[in-house]
Amino acid sequence: MTRGDRPSRVSQRELEPRVSPGRRALLLAAVLTGVLLLAIQLWLLTIALDLFLGGHGGEIWGLAAISGLIFAGGLGTFVLLRRNSAPRR
Amino acid sequence: MSVEPPERAPVAGWREQFPYRLDADDLVSRREFLRISVVSSGALFGGTLLLGVLGSLTDQRRGGTAVEVARRSELQPNEVRYFNFPGPEDHAVLINLPDQGPVAYSQKCTHLSCAVYYQTEPVPRLFCPCHEGVFSVADGSPTAGPPQRRLPRIRLEQRGDVLYAVEEVP
């Protein structure tokens, strides 16, 4: 947005599709779980770096496997949601 | 002839400094957020995997030519010898512990690479004066201060009466 523009008076509620309260809570829980899993991956990366600098590089594989599982789960969810929301013929 | 700038309505000071409105900002859809999260997750996984590969490929034991450190019979209990190993610029310390015999460690603190020194007071310990890191003399593990990793140990080998440093083990 450039300086001086007037924002349109459209509220966030109007922009979002209508979502039932129960579904909203479910979506919020899913988003928070995703953020938590990302934080865990970041934590695993710091441990891996610590092990690498400490000369215990061979012990990193377990951490990489856990991180890979989280990534695979996220990718699977993404693909599944794309497939489910694709227009049906 | 100069052109006068158009008059502007007075605005609050902070609005002048930060002319953005939250309600006019682009909203990220949930699908877009998920896509960004998956890409971030992949990047974090890639970083961890890369460290694993690098850690396995690089041999982190450092050795080379065995270096004569001391004569065993000449070492007194709690005597300390400073020497260079594995390279001429790498500082190391040998301590003759009364109960454990001679042990040797790299002098490079695992916090920020200052040199650690042997102290007998208040207790026998390896002390880093930069940030007051303390390491155990028995196994080089950190016992106080910021260091989180143990000091690399230097494997000693006795040939006759002479102690040689043969390998640095992280």
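Protein chains get the first letters and strands the later ones, always in sequence-line order, with residue 1 at the start of each. The shown structure was predicted, so the numbers you read here are calculated from the model rather than taken from an experiment.
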Original post:
Where do W61(A) and V53(B) land on the side chain to side chain contact (heavy atoms under 4.5 Å, CB included) test, with the steps shown first?
Top reply: CA-CA 8 Å; W61(A) 291 115; V53(B) 171; 3.7 Å; yes
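- Residues V69(B) and Y105(B) fall into different hydrophobic clusters, defined by Ile, Leu, Val, Met, Phe, Trp and Tyr side chains chained together at heavy-atom separations under 4.5 Å.
- A pairwise comparison of heavy atoms in S41(B) and F71(A) identifies OG-CA, 3.3 Å as the closest pair.
- The CG atom of L49(B) sits 11.0 Å away from atom CG of L45(A), with the distance rounded to the nearest 0.5 Å.
- Side-chain atoms of L63(A) and L51(B), non-hydrogen and from C-beta on, never get closer than 4.5 Å to each other.
- The candidate with the highest count of non-hydrogen atom pairs below 4.5 Å against chain B, out of L37(A), L75(A), D50(A), I66(A), is D50(A).
- Residues of residues 142-149 of chain B lying under 4.5 angstrom from chain A, judged on non-hydrogen atoms, are R149(B) by number.
- The shortest non-hydrogen separation linking A48(A) to T48(B) is CB-CG2, 3.9 Å.
- Neither the backbone nor the side chain of R150(B) comes within contact range of chain A; no heavy atom of the residue lies under 4.5 Å from a heavy atom of that chain.
- Chain A forms the most heavy-atom pairs under 4.5 Å with one residue out of L34(B), V39(B), L44(B), and that residue is L44(B).
- Taking CG of L38(A) as the start and CD1 of I36(B) as the end, the distance is 11.0 Å to the nearest 0.5 Å.
- No continuous path of hydrophobic side-chain contacts links W43(A) to L69(A) [ILVMFWY only; heavy atoms under 4.5 Å].
- If you measure heavy-atom distances from S40(B) to chain A, the contacts under 4.5 Å come from both the backbone and the side chain.
- Residues F78(A) and S37(B) have side chains not in contact (no heavy-atom distance under 4.5 Å, counting atoms from C-beta outward).
- In the hydrophobic cluster analysis, where Ile, Leu, Val, Met, Phe, Trp and Tyr join through side-chain heavy atoms closer than 4.5 angstrom, V137(B) is grouped apart from F83(B).
- Heavy atoms of other residues, nucleotides or ligands lying less than 6.0 angstrom from CD of E132(B) number 12 at most.
- Closest non-hydrogen pair, R31(B) versus R82(A), comes out as NH1-CA, 4.1 Å.
- Looking at L49(A), both its backbone and its side chain come within 4.5 Å of chain B, counting heavy atoms on both sides.
- A 4.5 Å side-chain heavy-atom check between I70(A) and F45(B) finds every atom pair outside the cut-off.
- Residues V79(A) and V38(B) fall into different hydrophobic clusters, defined by Ile, Leu, Val, Met, Phe, Trp and Tyr side chains chained together at heavy-atom separations under 4.5 Å.
- Note: the hydrophobic cluster containing L44(A) also contains F52(A) (ILVMFWY, side chain heavy atoms under 4.5 Å, direct or indirect links).
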